[in-house]
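Please read the structure below before turning to the comments.
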There are 2 protein chains.
Amino acid sequence: MRKDNRLPRVLHVLIHLDRHDKLMTSGKIAKMLDTNPVVVRRIMSGLRNKGYVSSSKGAGGGWQLQSQLNEISLYDVHMALGEPELLSLGSGDNPNCLVEQSVDIALKTIMTDIDIILKEKLRNIKVSDIASDFDLRLEEYNNSKPMT
Amino acid sequence: MRKDNRLPRVLHVLIHLDRHDKLMTSGKIAKMLDTNPVVVRRIMSGLRNKGYVSSSKGAGGGWQLQSQLNEISLYDVHMALGEPELLSLGSGDNPNCLVEQSVDIALKTIMTDIDIILKEKLRNIKVSDIASDFDLRLEEYNNSKPMT
DNA sequence: ATTATTGTAACTTTTATTATTACATGATAA
DNA sequence: TTATCATGTAATAATAAAAGTTACAATAAT
């Protein structure tokens, strides 16, 4: 199945808006993500609706953070993206046959459990956690290239 | 994303072969699954390679079980299908930027954990468990339609 | 006014699954 | 042995969701 890349992309943007350019146009973000400005507006619109970011039109406009990164969990971002389905295991949905019913219930039970665990994990990670990890990496990177 | 329905379909077939028709042609299975005989052969071929079922050509041919359902876990079936990806959350895979690295690692860690838990769950369910659940449902169904 | 920028609709491309068509191969039976 | 039934498989089309593109309206700054 085709993988959904909206979550990683949006996280990238949020951290970038916090650590680097406080205001970025869709075009600039698009170049960073190697995509199209319209795609950027599309995936960012859900975050704007939730108030995590704002966008302004006209010259000098663009995207800005409106929340602290430690106030936004990966679950929040996931929900802002419209809660896209992250599991690609289907279950028949064909209640004709009793065999199918048993199969579907078994698989749906697994999938529901997994979905709960996944969302728990997403809730337990704040965007700021990832940003802190980035800070560490940046420090390591700078140490590996000493100026002397 | 489009969901993968091979696992539920194959489970349906295995239980049907055990509880009902010991030998079924691809055509008959296709009607049961509301699909095409070629699709049936395709999704069943992995199970044949693992020895869980056999297929025979010619008149009177078709598919037959070669294992006990309690010897086959959902994980076994999943592997026989070629271990299709059940998670549709991507992670950038673009190691250019340090921000991206942190995002990717965070998401990949989650996905790896989830994948392990999912496979554990699949391993803990035998096809016979689902067949037993079917037996219960069948009994309930029969009780709900008394003959008197 | 002109230019920069977002908002959005419409359309195309991509990618994985599923479905279909066509035909070769093998097995049974008349 | 020939007709028929069934699988095996390659090639191709349909489908669905995400991603990409184009076009243009709306709005804000200079």
Side-chain angles (χ1 to χ4, degrees), chain A residues 1-10 12-13 17 21-49 53-64 66 78 81-94, chain B residues 1-10 12-13 17 21-49 53-64 66 78 81-94:
Chain A
M1 117 260 12
R2 185 175 216 189
K3 295 212 168 179
D4 188 332
N5 281 303
R6 282 172 288 188
L7 184 55
R9 283 178 151 182
V10 163
H12 189 172
V13 174
L17 283 176
D21 309 306
K22 297 298 183 185
L23 187 151
M24 290 180 87
T25 67
S26 302
K28 195 168 179 181
I29 294 173
K31 272 177 195 158
M32 180 174 83
L33 300 181
D34 193 28
T35 182
N36 191 291
V38 175
V39 173
V40 173
R41 293 185 195 118
R42 222 149 43 195
I43 66 179
M44 293 295 287
S45 70
L47 298 188
R48 182 186 50 224
N49 296 341
V53 297
S54 62
S55 60
S56 47
K57 291 183 176 179
W63 298 86
Q64 284 175 288
Q66 295 297 331
H78 172 64
L81 288 173
E83 198 179 358
E85 187 58 76
L86 300 181
L87 307 174
S88 49
L89 173 55
S91 34
D93 275 325
N94 212 330
Chain B
M1 118 259 8
R2 186 177 215 187
K3 296 212 169 179
D4 189 331
N5 281 303
R6 282 172 287 189
L7 183 54
R9 283 177 151 184
V10 164
H12 189 171
V13 174
L17 283 176
D21 308 307
K22 297 298 184 186
L23 187 151
M24 291 180 88
T25 65
S26 302
K28 195 168 180 184
I29 295 173
K31 273 178 194 155
M32 181 175 81
L33 300 181
D34 193 29
T35 181
N36 192 291
V38 176
V39 173
V40 173
R41 293 186 194 117
R42 219 147 48 196
I43 66 179
M44 293 296 286
S45 70
L47 298 189
R48 183 186 49 222
N49 295 341
V53 297
S54 62
S55 59
S56 47
K57 292 182 176 179
W63 297 87
Q64 284 175 288
Q66 294 297 331
H78 172 63
L81 289 173
E83 198 179 0
E85 186 60 75
L86 302 181
L87 307 174
S88 50
L89 173 56
S91 34
D93 274 327
N94 212 332

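Every chain is numbered from 1 and lettered A, B, ... according to where its sequence line falls, protein lines coming before strand lines.
Within the model, atoms OG of B/S54 and CE of B/M44 stand 9.5 Å from one another, a figure rounded to the nearest 0.5 Å. Rounding to the nearest 0.5 Å places CD of A/Q64 at 13.0 Å from CZ of A/R48. To the nearest 0.5 angstrom, B/T25 atom OG1 is 8.0 Å from B/K31 atom NZ. One distance of note links CZ of A/R9 with CE of A/M32; it measures 10.5 Å at 0.5 Å rounding. Atoms CG and CG, on B/L23 and B/L17 in that order, are 8.0 Å from each other to the nearest 0.5 Å.
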**Study point:** Per-nucleotide protein contact string for nucleotides 22-30 of chain D (B base, S sugar-phosphate only, - none; heavy atom under 4.0 Å)
**Key:** BB---BBS-

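What separates CG of A/L81 from C1' of D/dA18 is a distance of 12 Å, to the nearest Å. If you take CD1 of A/I29 and C1' of C/dT6, they are 11 Å apart, rounded to a whole angstrom. Here the P atom of nucleotide C/dT18 and the CG atom of A/L89 are 11 Å apart, to the nearest Å. Put simply, CG on A/L23 is 11 Å from C1' on C/dT5, counting in whole angstrom units. When rounded to the nearest whole Å, the span between CE of B/M44 and C1' of D/dT7 equals 12 Å. Atom pair B/N49:CG and D/dT9:P shows a separation of 9 Å (rounding to whole Å applied). Note: CG (A/L7) to P (D/dA19) measures 11 Å, nearest angstrom. When the P atom of D/dA6 is taken as reference, atom CG of B/D21 falls 13 Å away, rounded to whole Å.
Between A/R9 and D/dG20 there is a side-chain N or O to OP1 or OP2 distance below 4.0 Å. Dashed line: the shortest gap from a side-chain N or O of A/R42 to OP1 or OP2 of D/dA18 is not under 4.0 Å.
Both B/I43 and A/W63 lie near DNA chain C, and the one whose nearest nucleotide falls closer to the 5' end is A/W63. Residue B/G61 is the one, among B/G61 and A/P37, whose nearest nucleotide of DNA chain D lies closer to the 5' end (criterion: closest heavy atom).
With D/dT7, C/dA19, C/dT6 as the choices, the nucleotide that has an atom nearest any side-chain atom of B/V39 turns out to be C/dA19. Comparing D/dG20, D/dG8, C/dA19 by their closest approach to the side chain of A/T35 singles out D/dG20. The side chain of B/S26 approaches D/dT7 more closely than any other nucleotide in the set D/dG20, C/dT6, D/dT7. The side chain of B/T25 lies closest to D/dA6 when the candidates are C/dT18, D/dA6, D/dG8.
Other residues, nucleotides and ligands contribute more than 12 heavy atoms inside 6.0 Å of the NZ atom of B/K22.
Between B/P84 and B/D4 the shortest heavy-atom distance is CB-OD2, 3.4 Å.
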